[in-house]
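Letters A, B, ... are given to chains in the order of the sequence lines, protein chains preceding strands, and every chain is numbered from 1.
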There are 2 protein chains.
Amino acid sequence: MNSSARPGDVPARPTSRDVAERAGVSQATVSLVLRERWQGRVSPARAETVRAAARELGYRPNLAARSLRLGRTRTALVVVPALSSEFFAVMYAGAARVAADHGFGVVLYPSPEGIGPAPDPFAHSGATLDGVLASSMAAPALRSLSEGGLPLVMLDSEPRDPGAAATVNPDIGDGMRQLARHVLGLGHRRIAHIAAEVDSWTFRERARELTREVARVPDASLVRTERAPLTVRGGLAAAERALTALPRPTVLVCDDDVLAAGACKAARRLGLRVPTEVSVAGFGDTDLATAVEPELTTVRLPAAAMGEEGMHALLTVLRGEPAPGTVLPVALVPRGSTGPPAAEG
Amino acid sequence: MNSSARPGDVPARPTSRDVAERAGVSQATVSLVLRERWQGRVSPARAETVRAAARELGYRPNLAARSLRLGRTRTALVVVPALSSEFFAVMYAGAARVAADHGFGVVLYPSPEGIGPAPDPFAHSGATLDGVLASSMAAPALRSLSEGGLPLVMLDSEPRDPGAAATVNPDIGDGMRQLARHVLGLGHRRIAHIAAEVDSWTFRERARELTREVARVPDASLVRTERAPLTVRGGLAAAERALTALPRPTVLVCDDDVLAAGACKAARRLGLRVPTEVSVAGFGDTDLATAVEPELTTVRLPAAAMGEEGMHALLTVLRGEPAPGTVLPVALVPRGSTGPPAAEG
DNA sequence: CGAGCGACGTTATACGTAACACTTCTCTCT
DNA sequence: AGAGAGAAGTGTTACGTATAACGTCGCTCG
């Protein structure tokens with residue numbers, strides 16, 4: 001099949017030249033036919049011959065060669081900080097769907113959680129990429145990407161992020177504002193923040209907004225902030241620390257549903273009932289929020305819409321058009337995990 | 001920088017030839033130096049000059065060209081059926097860790113859940129791959145891969161899967177056997193199976209083994225099997241169907257913790273207490289199993305070990321050595337969601 | 001009747017990298 | 001002094017694809 005194929009070798013992958021030889025045409029013709037560029041340049045009969053030859057040989061184009069030749073790949077990279085929260089899985093799915101609709105492929109890169117700056121996704125990836133859609137990552141980790149001149153769209157990052165060609169954000173400040181007012185309105189005054197230890201704009205913004213809202217109520221205070229890795233276990237440990245310290249908070253505001261689930265568990269372990277003795281709230285409104293008992297009060301983040309809008313923005317940038325910064329609305333979803341604080345004993 | 005750079009153009013990415021020109025050496029020397037193959041072939045001084053030039057230009061090798069030249073990419077594809085179960089995220093992490101230890105990169109491909117055969121990951125992916133590590137997928141979906149002559153290691157698939165160069169499985173039959181004996185031993189006789197609607201060996205095996213074990217106990221029977229997508233919501237709906245049909249099962253054996261969490265919720269909705277009125281058990285022992293109340297009785301699957309062993313097997317195959325089929329042990333973890341059935345009323 | 005045109009293909013080349021085969025120069029050993 | 005070995009590089013080629021530029025027919029039309 002290949003002139004270089006020695007006996008005993010694994011059969012080398014057929015190339016377009018092999019197909020050409022079998023079909024009795026030139027390699028150029030094979031390329032034209034298989035790329036559907038043959039209208040008016042190759043007779044229908046010949047085109048069919050070529051397709052048959054390709055089928056018989058099991059020909060698959062060498063994507064490395066194609067990428068080299070074309071200088072692009074119609075493939076985007078999606079970077080997420082972790083997969084332990086379903087939120088990112090949904091976001092990815094949204095991005096992948098839009099990409100597929102436009103003939104683009106997507107490669108997913110979960111940056112190892114909490115291990116500081118991510119390793120360079122290019123270091124060992126055979127993927128050549130047209131653009132990057134990145135979520136909630138520390139800027140340093142992405143420096144190497146934007147330096148490579150690769151179009152970058154940031155999700156959940158600061159609205160006017162330099163180095164990003166566009167940004168797509170949920171209105172996270174508004175979300176935290178709604179949540180804070182909800183718990184303050186219920187009468188809570190000693191508030192603890194179970195914060196994600198991921199260093200990104202979205203989490204800094206939540207902390208800032210919570211602090212601000214609490215400060216607006218005279219006798220309320222943020223009695224404690226605990227940082228936790230974005231897992232149930234992490235939320236559990238952090239909430240245990242918060243609930244055993246004095247003064248004990250009456251509500252745990254968590255940066256993610258995963259942390260909130262852990263916090264509920266911590267409360268149970270300490271013999272505290274939710275929400276009568278301690279309230280818990282999270283962010284995301286993923287499946288997990290309604291899987292636990294009581295169901296979580298949470299801020300619904302438009303995960304799928306973020307992925308979709310982000311990919312749209314990236315595709316726009318790749319077409320050379322400017323992409324606007326987008327801010328998506330969020331909504332507070334009050335459920336059973338928050339209630340009025342117990343009367344002081 | 002590039003001779004083809006026209007004024008007004010975006011600056012073209014520098015090539016190794018640009019670096020060579022700037023350093024005053026040949027392109028071959030640049031390649032030798034940057035790939036660390038210069039010992040005894042290029043003087044240390046010159047090597048440093050080359051590195052400096054590369055740094056100044058912000059040179060990054062064109063991976064498409066490198067792949068084309070080398071015929072390999074040191075990159076593997078990991079295929080998982082869904083990201084809605086944390087199980088696969090952990091498995092991926094294990095595989096990625098081992099790959100990184102061996103200088104390999106990993107690309108993750110989440111095959112859209114439940115949408116039948118997966119779209120061809122190659123169709124639009126710029127990635128050129130050395131091998132594939134695939135989990136729990138329907139065989140047809142992977143046909144196009146193995147046909148491409150790509151080394152394929154299957155996780156959670158039938159032990160002697162043709163077309164797979166190696167397989168790594170948890171001893172899933174043993175796991176279901178232990179779980180079945182556990183609930184039968186507790187006295188349950190009317191058993192329902194909440195099955196994942198993913199069509200793969202591991203789930204077929206669970207169904208088979210459950211059926212077999214139930215058949216060994218004279219008055220026990222598998223009163224119902226409900227199929228569900230691998231989400232909390234899916235488990236909820238399926239469990240509601242199972243619990244409202246007659247005869248009502250006293251235990252719900254679920255194919256995954258995600259389904260079990262949904263099942264617990266269904267029981268609550270129907271006013272049934274877990275485990276006193278209905279028992280629930282799952283598979284996986286992910287974070288979710290202990291996040292819900294009561295904590296789930298489950299079969300601990302070695303997710304991380306599967307990813308690690310699978311990647312080891314793949315790397316072995318890529319070295320041209322034969323890889324043995326591996327079976328990993330599993331363990332029953334009895335917790336609060338299972339108990340003796342209520343006395344017949 | 002010959003110029004011109006459309007249909008049908010082919011030839012040649014470039015993409016950026018890695019590595020084989022080769023040259024040149026310097027130094028050592030006998 | 002001459003052979004030989006090693007150091008320090010360079011010229012060239014190939015990887016497989018896509019496409020611009022170029023033939024070569026047979027036919028129509030002025």
B:Val106 and B:Met311: side chain to side chain contact (heavy atoms under 4.5 Å, CB included), yes or no, with the steps? CA-CA 10 Å; B:Val106 161; B:Met311 186 54 72; 3.8 Å; yes
Evaluate B:Glu158 against B:Thr167 for side chain to side chain contact (heavy atoms under 4.5 Å, CB included), listing each step before the verdict. CA-CA 8 Å; B:Glu158 39 188 330; B:Thr167 57; over 6 Å; no
Begin with the C-alpha distance, continue with both residues' side-chain angles, and end with the deciding distance and a verdict on side chain to side chain contact (heavy atoms under 4.5 Å, CB included) for A:Phe104 and A:Leu318. CA-CA 11 Å; A:Phe104 265 68; A:Leu318 290 179; 3.7 Å; yes
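B:Ser43 comes within 4.0 angstrom of sugar-phosphate atoms only, judged by non-hydrogen atoms across all strands, and of no base. B:Val30 comes within contact range of no nucleotide atom at all, as no heavy-atom separation falls under 4.0 Å. Within 4.0 Å (heavy atoms only), A:Arg17 reaches at least one base atom of the nucleic acid. If you check every strand for non-hydrogen atoms under 4.0 Å, A:Ser26 touches a base.
The shortest side-chain heavy-atom distance between A:Tyr109 and A:Val132 does not fall under the 4.5 Å cut-off.
Nearest-nucleotide positions on DNA chain D place B:Pro44 closer to the 5' end than the other of B:Pro44 and A:Arg35. When each of B:Leu70 and B:Val42 is assigned the nucleotide of DNA chain D bearing its nearest heavy atom, the one mapping closer to the 5' terminus is B:Val42. Each of B:Leu68 and B:Ala28 was assigned the nucleotide of DNA chain C with the nearest heavy atom; the assignment lying further toward the 5' end belongs to B:Leu68.
B:Ser16 has a side-chain polar atom (N or O) that falls below the 4.0 Å cut-off from OP1 or OP2 of C:dT17. Phosphate proximity of D:dA18 to A:Ser31: present, with a side-chain N or O under 4.0 Å from OP1 or OP2.
The CG-C1' distance, from A:Asn62 to D:dT17, rounds to 8 Å in whole Å. B:Leu32 places its CG atom 13 Å from the C1' atom of D:dG11, with the value rounded to the nearest Å. Note: CZ (A:Arg37) to P (C:dC8) measures 19 Å, nearest angstrom. In this entry the distance linking CD of B:Gln27 with P of D:dT13 reads 14 Å, nearest Å. Taking atom CG on B:Asp18 and atom P on C:dG16, their separation rounds to 8 Å, with Å as the unit. The CZ atom of A:Arg41 sits 9 Å away from the P atom of D:dA20 (whole-angstrom rounding). To the nearest angstrom, P of D:dA18 lies 11 Å from CZ of A:Arg72. Here C:dA18 presents its P atom at 13 Å from CD of B:Glu36, a figure rounded to the nearest Å.
Of all nucleotides listed (D:dG9, C:dA18, C:dG9), C:dG9 comes nearest to the side chain of A:Arg46.
The minimum heavy-atom distance between B:Leu57 and B:Pro14, with the atom names listed, is O-CG, 3.4 Å.
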